[in-house]
Visitor: 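Here's a structure for you.
From a predicted model like this one, the values you see are computed outputs, not experimental measurements.
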Amino acid sequence: MKSGIKIIFLTTASVIILAACNKTLLDKTAQDKYTETQVWTDISLADRYLLDNYNNSLTGGFGYLSFASITDESHDTHAFGTENYLQGNINSSNTSPFGIWAFNYTTWDAMYNNIQKLNIFLANIDNVPAAYPPAEQPAIVAQASRMRGEALFLRAFCYSQLARNYGGVILATTPFAIGDDYLSQTRAGFRETIDFISQQCDEAAALLEDKDGMEMGRATKGAALALKSRILLFAASDLTASGTAENEYVGYTAPDRAALWTAAKNAAKAVMDLGAYQLADFGAPNAASVAENFYNFFKAKDLSSPEVIWGKLFLKNVGARNQMNLINGSNGFVMYGCNAPTANLVDAFEMADGSKFSSHYSIDGNGYYRNTSTKYTSANIYYNREPRFYATILYDSAIWMKRYADLAPRDPLGIYDRRTRITVQNGQETSRIYGIDTRQGPVDGDDGTYTGYTFKKYQDNEVYGTETNNNENVWIEFRYAEVLMNYAEACLGLGQQAEAATYINMIRNRAGLPDYSGDAKTALQHERQVEFVHEDIRWYDMRRWKILDQTMVDAKGVDIIETNNRDNNTVTTTWRQIFVQQRGPVQNKMYWVPIPIDEMNRAPQLVQNPGY
């Protein structure tokens with residue numbers, strides 16, 4: 001397993017192909033550049049070329065800006081342009097945040113750059129075995145066939161990113177060349193695009209082995225089928241299949257909804273029937289064990305869990321860097337706090353018994369949280385919450401990491417410290433001490449979150465993130481829990497509520513919660529919201545369910561004041577919900593991303609997305 005990690009990530013440097021082999025200075029052969037002939041006659045060099053495409057296809061949500069921050073999950077602390085989209089000002093000339101340096105991993109240019117490289121690979125890989133002696137060719141043919149499956153999967157993955165952002169896209173299956181007529185390129189319709197991706201997933205799956213037969217980090221049969229499940233669920237959803245699509249590029253013009261839901265159900269079932277995956281056991285019903293093990297699941301440094309289908313590995317100092325602690329960690333630990341959970345998300349987590357938070361706490365006219373419960377009577381809004389809350393969110397007073405030496409005397413436990421402590425004596429405020437992790441605290445105030453929260457999920461509590469001290473935990477792109485929820489949703493779409501309930505409750509019970517009560521669709525949408533926080537899923541769910549008007553509301557945070565009144569020897573604490581960022585009003589155009597104006601200028605025959 002260790003060698004697998006090294007091969008995937010020590011060889012991700014680009015293989016530079018030279019179009020011609022001319023004499024070089026002193027006739028020396030460059031050791032880091034290869035001619036086309038060299039690459040496509042050497043299976044190892046061809047594999048290095050393929051590995052570079054892995055690196056470019058899957059970046060994962062570990063960037064300075066996450067998809068979470070264009071949803072109700074999170075707020076972008078450092079103003080990376082999210083307000084342009086969230087307030088409906090996005091247009092083809094200013095697509096921010098899509099395409100900025102901090103958020104460019106699913107965009108038009110990034111995906112097509114990689115598709116071009118994959119098309120070059122697919123156009124040449126079948127020629128490689130002929131360069132070998134006849135006795136070696138059978139083994140090289142088998143390896144090349146598997147590598148073709150990997151490339152087909154990666155190309156389908158890139159196209160799925162494009163389709164979920166833009167709708168129907170240009171379906172390029174051969175490499176573009178200098179002098180090609182780009183004016184002849186047109187967008188395929190949404191139906192054609194989805195059918196193409198689905199077919200490519202099937203072709204890839206037929207050539208790939210499953211997880212146990214592939215090097216860790218490479219594409220597998222399960223990954224190809226999980227991608228098909230994801231894209232067919234997207235296609236069957238309200239955004240594209242309710243009959244309200246504005247044109248053929250952003251949905252079906254005459255959808256057969258039952259057939260679409262059936263295809264989505266069957267795609268998820270194909271993954272389930274492999275028998276290769278299962279939900280990780282987090283120790284339910286023990287709530288503390290669930291919280292610890294759910295957190296540790298995302299701290300893993302490899303992809304060996306039977307729940308993980310496919311993801312990306314990282315090494316500390318080699319290849320692509322995972323700087324999740326540095327990027328999302330707290331300013332009190334000299335980190336950047338880039339993507340911060342909102343109070344909107346925090347309040348969505350249920351209580352320990354599976355009841356709604358709003359059944360026990362209300363917010364008064366001044367924004368203060370008030371306990372209204374007869375069961376959970378603490379004023380502290382963080383007590384008695386479901387286990388995934390404790391695994392996902394860093395909230396005030398949560399035990400986290402030991403402080404650096406200069407702050408250890410003030411905080412010997414290493415808590416996340418977001419409260420302001422006020423002392424009152426003789427009716428007057430005599431001191432006000434801001435929490436270490438606040439924007440008014442003693443360390444890098446500009447990196448403090450506005451919301452009062454920090455993500456715990458995907459952070460490693462043993463890593464003090466710096467520009468040189470990186471994380472090694474993996475990014476998980478596909479996991480079995482998503483497949484089960486895809487299956488449940490497709491069942492609901494077909495009216496098979498009892499079947500759907502089985503899998504919704506499987507996810508809840510694994511998290512230490514009882515079976516859901518009430519409406520099944522509401523329960524499913526809630527489970528996807530809290531189970532998949534910060535996994536680059538929520539934005540796509542909000543759009544495909546067509547619920548932006550419900551979820552694209554102002555981002556909220558929390559302000560916590562602890563008052564020590566020495567006049568009457570009392571200590572009181574208040575939690576008040578505060579405004580953080582305006583969002584909305586929602587416009588229909590926000591359901592899709594515009595094709596950038598530069599691309600439209602190069603190919604004016606392309607049809608722009610509605611509203612742009």
Side-chain angles (χ1 to χ4, degrees), residues 1 3-17 34-59 111 113-161 172-175 196-197 199-228 274 276 303 309-313 319-320 477-478:
M1 186 164 64
S3 63
I5 295 174
K6 288 180 181 177
I7 290 173
I8 287 289
F9 293 104
L10 288 176
T11 62
T12 54
S14 297
V15 176
I16 301 175
I17 300 177
Y34 303 90
T35 68
E36 288 189 68
T37 300
Q38 287 176 304
V39 172
W40 306 123
T41 56
D42 185 322
I43 196 69
S44 296
L45 289 179
D47 194 43
R48 289 191 64 176
Y49 182 96
L50 177 63
L51 291 177
D52 187 54
N53 286 280
Y54 271 97
N55 200 40
N56 295 330
S57 296
L58 178 60
T59 300
M111 291 297 94
N113 281 338
N114 217 43
I115 287 168
Q116 168 73 355
K117 295 175 185 176
L118 288 163
N119 282 340
I120 291 172
F121 178 89
L122 289 165
N124 288 280
I125 186 60
D126 292 342
N127 300 326
V128 174
Y132 285 79
E136 298 179 26
Q137 285 185 10
I140 301 300
V141 167
Q143 185 176 355
S145 176
R146 187 210 71 213
M147 290 163 63
R148 168 172 282 276
E150 294 176 67
L152 287 172
F153 165 77
L154 291 174
R155 188 174 68 180
F157 181 77
C158 291
Y159 272 119
S160 74
Q161 303 288 57
T173 58
T174 57
F196 172 78
I197 295 170
Q199 176 258 336
Q200 293 286 286
C201 289
D202 287 340
E203 286 189 27
L207 295 172
L208 294 170
E209 298 180 51
D210 222 323
K211 192 173 176 179
D212 290 342
M214 297 292 293
E215 190 175 35
M216 186 178 291
R218 289 186 185 266
T220 65
K221 184 185 298 289
L225 296 179
L227 175 59
K228 181 178 178 180
L274 289 175
L303 303 168
I309 299 174
W310 185 61
K312 185 168 185 174
L313 294 139
E477 183 65 28
F478 295 115

Visitor: In terms of side-chain geometry, is the basic nitrogen of R48 or D42 positioned less than 4.0 Å from the acidic oxygen of its partner?
Guide: no

Visitor: Hey, mind stepping through Y54 and K312 against side-chain contact (heavy atoms from CB on, under 4.5 Å) and telling me if it holds?
Guide: CA-CA 9 Å; Y54 271 97; K312 185 168 185 174; over 6 Å; no

Visitor: Indicate every side-chain donor-acceptor pair of residues 205-212 with a distance under 3.5 Å to a residue at least two apart or in another chain.
Guide:
{"residue": "D210", "atom": "OD1", "partner": "Y277", "partner atom": "OH", "Å": "2.7"}
{"residue": "K211", "atom": "NZ", "partner": "L303", "partner atom": "O", "Å": "2.7"}
{"residue": "K211", "atom": "NZ", "partner": "S305", "partner atom": "O", "Å": "2.6"}
{"residue": "K211", "atom": "NZ", "partner": "V308", "partner atom": "O", "Å": "2.6"}

Visitor: Once you round to the nearest 0.5 Å, how far does CD1 of I197 lie from CG of L227?
Guide: 7.5 Å

Visitor: Hey, what do you get for CZ (R146) to OG1 (T220), rounding to the nearest 0.5 Å?
Guide: 12.0 Å

Visitor: P129 and V141: which non-hydrogen atoms are nearest, and at how many Å?
Guide: CB-CG2, 3.6 Å

Visitor: Give me the atom names and distance for the closest heavy-atom approach of L274 to G222.
Guide: CD1-CA, 3.7 Å

Visitor: Would you say that T41 contacts Y132 through its side chain, given a criterion of any heavy-atom pair below 4.5 Å between the two side chains?
Guide: no

Visitor: Give the C-alpha distance, both sets of side-chain angles, the deciding distance and a yes or no for salt bridge (charged side-chain N to carboxylate O under 4.0 Å, His left out) between K221 and D202.
Guide: CA-CA 9 Å; K221 184 185 298 289; D202 287 340; over 6 Å; no

Visitor: Are side-chain heavy atoms of Q161 and N114 found at a separation under 4.5 Å?
Guide: no

Visitor: Kindly state whether the ring of W310 and the ring of F157 have centres lying under 6.0 angstrom apart.
Guide: yes

Visitor: Quick one: closest heavy-atom pair of A172 and N119, and the distance?
Guide: O-ND2, 3.1 Å

Visitor: How about L154 and L50: do any of their side-chain heavy atoms sit closer than 4.5 Å?
Guide: yes

Visitor: Tell me if a side-chain donor or acceptor on R148 pairs with a main-chain N or O of I125 at a distance below 3.5 Å.
Guide: no

Visitor: Can you tell which of N124, D126, N127 makes a side-chain contact (heavy atoms from CB on, under 4.5 Å) with W40?
Guide: N124

Visitor: Is any side-chain heavy atom of V39 closer than 4.5 Å to a side-chain heavy atom of T35?
Guide: no

Visitor: Could you tell me the separation between the CE atom of M147 and the CG atom of L51, rounded to the nearest 0.5 Å?
Guide: 8.0 Å

Visitor: Side chains of R155 and Q200, heavy atoms from C-beta outward: is any pair under 4.5 Å?
Guide: yes

Visitor: Side chain of Y159, backbone of I115: donor and acceptor closer than 3.5 Å?
Guide: no

Visitor: Nearest 0.5 angstrom please: F153 CZ to K228 NZ, how far?
Guide: 14.0 Å

Visitor: Hey, are the side chains of N56 and C158 touching, using non-hydrogen atoms and a 4.5 Å cut-off?
Guide: no

Visitor: Look at the side chain of K117 and the backbone N and O of N53, then say whether any donor-acceptor pair between them is shorter than 3.5 Å.
Guide: no

